[in-house]
Structure formats: structure tokens, C-alpha cells
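Comments concern the structure below.
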Amino acid sequence: MSESEVAELKSKFVLQTAGFDARFPNQNQTKHCFQNYLDYHKCINAKGEDFAPCKQFFRAYHSLCPSDVTCVVFQIEKFDEQREAGTFPASLDP
């Protein structure tokens, strides 16, 4: 890959992960993942999927939630299945 191709890719994509959240200071980020998942779904329920600030929660939980090599987004799929079955352990009402 040439330098110009690398520069072009860098200008198109910004790689970033979720920022520091003082509510979750420890190394284990499971609660942080879950909270961002909740915040995203509460946000889209209140404001709609086109509301730009909701996308920050989406990016954060996709970055933080555990994934498995054989399954692209293991934890997120589990949350989605629970939500659809009505067994999700938290309220997603705004």
C-alpha cells in the first residue's frame, strides 16, 4: 500500500474508541458496555434514530462490548434477543 493510499484512508476513516467515563474507572468495562447500550436505546426511543448524539452511544457500546471470534458481536446480539423476547433486564423507556 502506497503512502498516498494510506493518507487517503486516514482522511476517510477516524478510528477511535469510547472515552474515559469516571463512573467506570476499573479495567472491567462490562458495566460501561451495558450502560452505553441502554443509553443508546433510550436515546433512539426518545429522539429517533436520526438524532446525531445517539450515535456516540452506538459507537461506544460497539467499541466496548465483548465480541467473540466466531460471532461478530456476541454480547450485543444477546442483548438484542432479550429485548425482542421482552426479557431484557432494564427499562428502555426514555
Side-chain angles (χ1 to χ4, degrees):
M1 189 175 277
S2 70
E3 284 188 37
S4 63
E5 290 173 329
V6 171
E8 183 181 337
L9 286 174
K10 283 183 179 181
S11 68
K12 287 183 180 179
F13 301 102
V14 176
L15 298 177
Q16 61 188 41
T17 187
F20 177 74
D21 189 335
R23 298 175 297 170
F24 309 101
N26 299 323
Q27 197 169 17
N28 185 344
Q29 294 294 301
T30 304
K31 290 180 183 176
H32 194 181
C33 155
F34 184 74
Q35 188 61 51
N36 277 289
Y37 183 87
L38 289 178
D39 291 343
Y40 171 72
H41 286 284
K42 285 181 178 184
C43 184
I44 64 170
N45 287 341
K47 302 289 186 175
E49 289 191 30
D50 296 333
F51 191 60
C54 295
K55 293 181 191 322
Q56 176 58 34
F57 297 123
F58 178 84
R59 286 190 299 269
Y61 87 76
H62 269 273
S63 174
L64 291 168
C65 292
S67 62
D68 187 54
V69 175
T70 59
C71 178
V72 178
V73 195
F74 173 71
Q75 189 68 41
I76 296 167
E77 286 179 356
K78 181 179 170 186
F79 289 160
D80 289 339
E81 288 171 5
Q82 289 175 338
R83 224 174 11 96
E84 290 168 5
T87 59
F88 192 69
S91 170
L92 296 174
D93 295 331

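Sequence positions, counted from 1, serve as the residue numbers for this chain.
Qualifying side chain to side chain donor-acceptor pair (under 3.5 Å) partners for Asp80, counting only residues two or more places apart in sequence or in other chains: Tyr37, Arg83. For Thr87, the side-chain contact (heavy atoms from CB on, under 4.5 Å) criterion is met by Gln82, Ala85, not counting sequence neighbours.
Using a 30° and 60° split on the angle between ring planes, His62 and Phe58 fall in the tilted class, from 30° to 60°.
Here the straight-line distance linking atom CG of Asp39 with atom CD of Gln35 works out to 4.5 Å at 0.5 Å rounding.
Among all heavy-atom pairs drawn from Phe79 and Cys33, the shortest one is CE1-SG, 4.2 Å. In this structure, Leu92 and His41 approach most closely via the heavy-atom pair CD2-CB, 3.9 Å. Closest heavy-atom contact between Cys54 and Ile44: SG-N, 3.8 Å.
Aromatic rings from Phe88 and Phe34 are positioned such that their centres are separated by under 6.0 Å.
In summary, the side chains of Asn36 and His32 do present a donor paired with an acceptor at a separation below 3.5 Å, with no hydrogens or angles considered.
Listed by first and then second residue, the salt bridge (Lys or Arg N to Asp or Glu O under 4.0 Å) pairs that reach into residues 44-57 come to none, sequence neighbours excluded.
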